[in-house]
S.K.: 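Got a structure for you, questions after.
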Amino acid sequence: MSSAIEKELESVVIRFAGDSGDGMQLTGTQFTHATALHGNDLSTFPDFPAEIRAPLGTLAGVSGFQIHFGSTRIHTPGDMCDVLVVMNVAALKANLKNLKKGGVIIANTDGFDAKNMRLANVPEDKNPLEDGSLTEYDLKTIDVTKITRAALTDTGLGTKEIDRCKNMFVLGLIYWMYHRPTEGTIDFIKAKFKKNEAVMNANIKVMQAGWNYGETTETFANRYTVAPAKMDAGVYRGIMGNQATALGLIAASVKSGLSLFYGTYPITPASDVLHELSKYKNYNIKTFQAEDEIAAICSAIGAAFGGSLAITGSSGPGIALKTEAIGLATMLEMPLVIINVQRAGPSTGLPTKTEQSDLLQAYYGRNGECPVVVLAAQSPSDCFDMAFEACRIALDHMIPVFFLSDGYIANGAEPWRFPQSSNLPEIKVKFAAARSKDDGKFMPYERDEKLSRPWALPGTKGLEHRIGGLEKQNITGNISYDPNNHEEMVHLRQEKVNRVADYIPLQKLDSGPETGDLLILGWGGTYGALKTATTILRGEGYNVSHAHVRYLSPFPSNLGDILKGFKTVVVPELNNGQLVKIIRDKYFVDAIPYNKIQGLPFMSTEVVNKIKEILA
Amino acid sequence: MSSAIEKELESVVIRFAGDSGDGMQLTGTQFTHATALHGNDLSTFPDFPAEIRAPLGTLAGVSGFQIHFGSTRIHTPGDMCDVLVVMNVAALKANLKNLKKGGVIIANTDGFDAKNMRLANVPEDKNPLEDGSLTEYDLKTIDVTKITRAALTDTGLGTKEIDRCKNMFVLGLIYWMYHRPTEGTIDFIKAKFKKNEAVMNANIKVMQAGWNYGETTETFANRYTVAPAKMDAGVYRGIMGNQATALGLIAASVKSGLSLFYGTYPITPASDVLHELSKYKNYNIKTFQAEDEIAAICSAIGAAFGGSLAITGSSGPGIALKTEAIGLATMLEMPLVIINVQRAGPSTGLPTKTEQSDLLQAYYGRNGECPVVVLAAQSPSDCFDMAFEACRIALDHMIPVFFLSDGYIANGAEPWRFPQSSNLPEIKVKFAAARSKDDGKFMPYERDEKLSRPWALPGTKGLEHRIGGLEKQNITGNISYDPNNHEEMVHLRQEKVNRVADYIPLQKLDSGPETGDLLILGWGGTYGALKTATTILRGEGYNVSHAHVRYLSPFPSNLGDILKGFKTVVVPELNNGQLVKIIRDKYFVDAIPYNKIQGLPFMSTEVVNKIKEILA
Amino acid sequence: MNEVAEKLTSKDFSSDQEVRWCPGCGDYSILKQVQTVLPDLGRPKEEFVFISGIGCSSRFPYYMDTFGMHSIHGRATAIATGLKATRPDLSVWIITGDGDSMSIGGNHFIHMLRRNPDVNVLLFNNQIYGLTKGQYSPTSEQGKVTKSTPMGSVDYPFNPIALALGADATFVARTMDRDPKHQQAVIKKGYEHKGTSMIEIYQNCNVFNDGAFEIYTEKASKKEQILLMENGKPLIFGANDDKGIMLDGFKPIIVNLADVSVNDLWIHDETDLVKATILSRFYDDPSHEEHKPRPFGVFYINTKKSTFDELFNNQMETALAN
Amino acid sequence: MNEVAEKLTSKDFSSDQEVRWCPGCGDYSILKQVQTVLPDLGRPKEEFVFISGIGCSSRFPYYMDTFGMHSIHGRATAIATGLKATRPDLSVWIITGDGDSMSIGGNHFIHMLRRNPDVNVLLFNNQIYGLTKGQYSPTSEQGKVTKSTPMGSVDYPFNPIALALGADATFVARTMDRDPKHQQAVIKKGYEHKGTSMIEIYQNCNVFNDGAFEIYTEKASKKEQILLMENGKPLIFGANDDKGIMLDGFKPIIVNLADVSVNDLWIHDETDLVKATILSRFYDDPSHEEHKPRPFGVFYINTKKSTFDELFNNQMETALAN
Ligand SMILES: Cc1ncc(C[n+]2csc(CCOP(=O)(O)OP(=O)(O)O)c2C)c(N)n1
Ligand SMILES: Cc1ncc(C[n+]2csc(CCOP(=O)(O)OP(=O)(O)O)c2C)c(N)n1
Ligand code: SF4
Ligand code: SF4
Ligand SMILES: [Mg+2]
Ligand SMILES: [Mg+2]
């Protein structure tokens, strides 16, 4: 029995960092699942290099995974970490800035040898483990490689294979430190290596070794419990935004009774939506990897014409290529969901980094007057809800809908509970009915109270009709060059978007009262950081509120009134000021932009300081 | 000698209308040249059907050409016309609404026979020439067909060929009525039909017949002189916007000493820019008709990399396809001019109709933070100046520049004087110089006072360097994932656009004082209508001014101050409100939108009434 | 009630929209032939869908009283692929022009041929951009003088048949606007083929490229210039069917039937890819001496390749079964 | 001073940027071969321009100390066309992947081949999307299981050689990352060809598609599976050069040199389009019984077609002369 003293913590931030080859992402993901299972609230931030396999041991090659978990609600991966696990010197060098003073460093000494020092451009004589530069921290050094190898002698495995188990040692040790269940990971290992028993057992063995290391050695004076968070009952799993997006689309497919068609072309960071969906063919989910983004959206338009729940998805550069076809879908008044998992731009930009800089593209990025509905998810699990909403609105209103996500929530995880299908809103799809000669001519652009037109499927008797990208006469849908008809149709297409406002929830204040000194108005993946910042500020007595907009076009009908309730409105965004432009124009409120454009999420403290500065 | 009474007029509006096959566009163009030669100021509006050859005799097939000319400055083709020439009943039916009460109708009776009545869906018994419905007008009926055929008997030509000369009769008659010189047209005919003397002589003969008809018959009591307008000395020609655009680009090529490369894909109404440019290969103008718009802009980017003055051009749907590559050009910080001859959208929309609805696309229609320079021409001849400016700015600042035109000014004409090359601004291009090893490493993203980087041409010794769409380190141009560098580069690219403001003229008020009750703020092709409306309003004592923005991104540095000088700012646009959004956001001025979305230009009277309504 | 029972006529397939091509345009004939063939296919009208891009030719769907989409330039192929994949029950037809399919739509065109969905493509080849008023197209002959090429085009034209074969098309044929019977036969054959049927139709644009195919359509030259391919039949042509094609190794040669027996002639075999490739290269400028006659009919049929919609949906069924 | 005089070495062509492909990636070898060939071309370094799209392969230009552009996905071909048209004095190279060129870039690819600018294309074919972490590509074999196709891909792959021939390419060749000498020879030949040189390079992606070309590169299988084409030489292959290709009419058959004399074998003729087409169809799945060996080397060279840059600039000169 370990001599470690048990301590109770409210929340902890751990960062695993190592070489791309060290399996830190897998370690983090496993820890995430165990922690979700344990019932903590959590938020994660994977931070991997742009290259597929960045050069070994270099700074460019460092791959990190940060997780923040606790017994209270958690909204961000944490600004700074309490525990930093580093597999080599490059990982330490790259991540020390993220460690709290006095925080714990768990270092794999083997990763600090001459070779690694050289690769990380650290002078021979400046080994941080020895030059006393880490005295402000609680440094634990372990030769993980040595122990791992020892644990696996006479398993018959080669050194290369053996060393690949290193991360399991770390995982086991941290599991021990925080009383995490190991079963999940054991099952995972068994499944993953079912074809290779030797490797399977090796991994399990090494994880045990890690656990035992904590248990038996005196290295760790303390051991921590983090009680489950108070969350609604149910089974939770750690889910990433892109997975949640896929599940949200599938849920909409089930609810609407329509087969889903996803036409796409791979692109970082949107590809995982395709990868996820393609696993669900048994739910009648159809995925099509087209030759490019134009074919992707066009195939989806074809599928929509045929009566499928049609989705297309990409990231900025791919969305740019879809803009012409989005115009067509707008003219056709066809249900279509366009997913943009945003990344840092412009052009190819920083493909693996996050940004919110495609909002204006979604709003205005087409030729002609071409309004569409725009929604944005605010967290990994919210991707489920908003993806579902995107489908609901597209189908109910016969209109293209943009669904905006971003690299940060797409790859970040948080606990998520499978919803009951019964708790999801209805999606009623009514296709136009067959007609006989006596029913008279079918009018493809006749409109209902939502101004949406009938969805008339090929194959239905008597509904033969033609649609297209030329301006069409209202009601009949025939080509029309009539000046007044064109003006009417432009207004109708806009009004159609505006009316969606009657079918979405009113804007809520996420925290703080209806009126006050300052409103933090956010959208998308910055939710967690802004919420946390607001909590801190209010804790310090600032009269600040936070509202987070998930319905961006149209805005909830009460947004204007909310804005008027505050002396100052600040719009923090991970771009050079986009929502703020729309707000200033639409509501004529002198909103203040606050921008970060570094390919990184906001840190709550940054926001706190900025708001104080504004209020000062 | 004719018995007609000579009258002096200040200005006249004539509309030629007939079947697509009747050659009304040619008639109008010829009259335009003659009138420009005569020294009148003028403005034209061709109004042709969408179809290549719309069905004969039908309303859909009517082709019209309106010209407004005078001894004073002319800024619009005129809201209503004084003289309406109609070749058939459909033309009358379609255009009568454009004729002033008491105006002159010259009707070709042959076009009012049973067949034409039927094709135009006019009941047998409702022949407008006979049913007295035109008593409010001054109706002149002539059997143009009969006279033409008579004039050409025993020319050996077939009836079909003979009838094709009808329009020349009308032209000759109107030339007589307004004392226009006929030489220009005679030369034109001779050139056009040099391969077919019979047809050549026939056309000339019929034009003479038209002239003589005025001279000899008593049909026309009056004959008019319209004195030349007071315009700066020089030889004037009637020029259409697309021609002026082409000439502006060529002028920039000459001034900069760079060979021009125009990469494009045909699209209405931009194709004529290609057609014009391709006539000037002898000026070292290179045109490339690519397989699509993406290849078009990419070929231009390749040409720019090689040191050409690179231009690409299209209209809305094609521009949509270029947006990804515009992002690349922005990252490359490469000089590139993107021409958008706007048409009515969204999607395919109304290809032959005009609109101003691509401004927001030019401003915001790309992924990521991707600011570019945006200019817009305000009249046909201004296309020359602004196309030249677009090139100047692109080359001086190493930046992509959007040049916006529209279908109305692209096809409309006004008098234009060949400028002296010496009167055009300098364009100094300095390519980076060759380097030797000792000069040290070349820095492709080093910046000058304009923040522009060196243009380093392949083939230059020692300048080997790589550029691309990934974020790059400032100065070195190497790929960089550094968060702060990315933020700096985003700001630099924006600042680079902003600095252009120091190199463009300040905003002038086109009419009216610096302050007042109301400012009419316009952009693009609405100039003439807004100027005329302002003149009318001021004439009636309204305290109204008019400013027309040609530099839209960045705005002239004094625009904000100008706006502040007025109680009310109204922004009339041929869209659903685009510039007004930008103005409200940027200057926080409560500007009022005034929109027309009918594929048609503003009529001055519409604007006058609207402004009065606002001021009431 | 049995749909097929109610006999459809060509009138049933013409919409109430006024046809707006130029008088004399070759498109009229193609519209007529399609409206003539469809009623005989024994298929309920509502199962037909016509999808087009942009161009004069692409106005086609408006004139058909079927389901139709006049989409955007070059993308009909991609839209049709998505529709057919999700609605294999429909009869999907693509209407496109030489610019629409060979220029801006080239990528989707070759990818569709590669995937082989069971759709029919009618490629209206007038060797010009009609709708934009006469610029040269990727099928225009080199040196073509147009609005955009006053000194003549420098590009070499595509050989649409060769390109389609290179992209592994499973049905490749050529016909012309002026020969209604031949057109109808080829269209019918294309419909019957399971897989993508690529049918190039020589179509006269009498306004911007009049007479481009005159020598293949005019009585005077026709028989000398056309090689009508019929499966299993020898390749014979000439004013009085007096000429034939023989193969000397891989080299096709024109022989006079006075000197050579019909039995020694090249027998057309639709299923032979190599021979189809050789025939596709009968594409030289007819103004040249000893040029080959231009082949019309079916170059190649491959029935071994399954259709994309089949494979796509089989996979779905397997998944749903589990 | 005479540029060519200063002897360049492969080091002169390697930039100061750290090469960042996965350890073991086939791209390294291609980089090395190019850096080996360039110094021997007797051309000043500043005249070389490398233009790429997006993909692992497209990182290539960063590692070359020449002029370079890492452009956007699929568009390098279009950019290169614009550059070469306006700067025929440069030696323009296109670096592209199977996704970059065959998928999103397919249209510009075939149009470039049709126009025939004098550029060199190195198509890194690893039959996978590497940079996006392993989805199937248009050259992946049917049934390929990837992240995006857990049940296997249903698309038939392109045959890049056949597609290029169908698009009227004037130089079409295939080589592989693992054979430096062959690679160098083919690249050199491509450089020397006036016109677009399309060089497909089999490249191993050891992370997402490892061993895709093993049988063509591993000692054990290599000689049985590879057909090395040499102009004017008979088509021989096999472990002990004991097999050959003969033509029975149009049907290529594999014969044993024990039974057949070398003189009766098919003699490779680079200038024969039909034969090149037949060879391009030696593309069947090597796991099949009696499949054909995979040809490497130059399939086809056409020297009769002028280059786009030539025609384009001749026209300019004519115009400027008047
Ligand atoms: C994106 C886009 N680019 C360009 C155009 C303009 N455009 C319309 S049709 C066409 C080409 C028409 O040629 P083709 O496809 O041969 O059809 P045709 O008119 O000859 O029947 C072009 C360039 C367009 N509508 N959309
Ligand atoms: C417009 C656009 N769409 C998609 C992507 C994502 N993407 C980058 S490379 C690539 C394909 C890479 O495959 P390949 O061309 O074969 O190159 P490889 O990495 O295999 O060398 C894709 C889909 C992109 N960068 N831009
Ligand atoms: S322009 Fe040519 S193709 Fe178009 S409708 Fe007229 S004749 Fe036919
Ligand atoms: S992913 Fe494949 S292709 Fe890309 S660098 Fe790694 S091994 Fe090479
Ligand atoms: Mg055409
Ligand atoms: Mg690849």
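Just so we're on the same page: letters track the sequence lines, and every chain starts at 1. Scope of the values below: all heavy atoms of this structure, side chains included, with no hydrogens, waters or symmetry mates.
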S.K.: Could you tell me which of D:A167, D:G105, D:P138 has the largest number of non-hydrogen atom pairs under 4.5 Å with chain C?
M.R.: D:P138
S.K.: With only heavy atoms counted, which part of C:I110 is less than 4.5 Å from chain D, the side chain, the backbone, both or neither?
M.R.: both
S.K.: Which bit of C:N314 comes within less than 4.5 Å of chain D, counting heavy atoms only: side chain, backbone, both or neither?
M.R.: neither
S.K.: Are C:Y156 and D:F308 an aromatic pair by the rule of ring centers under 6.0 Å?
M.R.: no
S.K.: Below 4.5 Å, heavy-atom pairs only: which of D:H111, D:R115, D:H108, D:Q142 has the largest tally toward chain C?
M.R.: D:H111
S.K.: Against chain C, label D:I161 side chain, backbone, both or neither, depending on which of its atoms sit under 4.5 Å from a heavy atom there.
M.R.: neither
S.K.: Between atom CG of D:L311 and atom CG of C:D155, what is the distance when rounded to the nearest 0.5 Å?
M.R.: 9.0 Å
S.K.: So, D:Q315 side chain and C:V154 main chain: donor-acceptor pair closer than 3.5 Å or not?
M.R.: no
S.K.: Is there side-chain contact between D:F250 and C:I278, with at least one heavy-atom pair below 4.5 Å?
M.R.: yes
S.K.: Less than 4.5 Å to any heavy atom of chain C: does that hold for the side chain of D:A164, its backbone, both, or neither?
M.R.: neither
S.K.: Give, as side chain, backbone, both or neither, the part of D:K305 having an atom under 4.5 angstrom from any heavy atom of chain C.
M.R.: both
S.K.: Between C:R281 and D:D168, is there a salt bridge with N-O shorter than 4.0 Å?
M.R.: yes
S.K.: Pick one of side chain, backbone, both or neither for D:S280, based on which atoms fall under 4.5 Å of a heavy atom in chain C.
M.R.: neither
S.K.: Find the one option among D:L273, D:N116, D:L113, D:N159 whose heavy-atom pairs under 4.5 Å with chain C are most numerous.
M.R.: D:L273
S.K.: Specify which of D:G152, D:G166, D:P157, D:S103 makes the most heavy-atom pairs with chain C at under 4.5 Å.
M.R.: D:G166
S.K.: With side chains defined as the heavy atoms from C-beta onward, is the minimum distance between C:T277 and D:V274 less than 4.5 Å?
M.R.: no
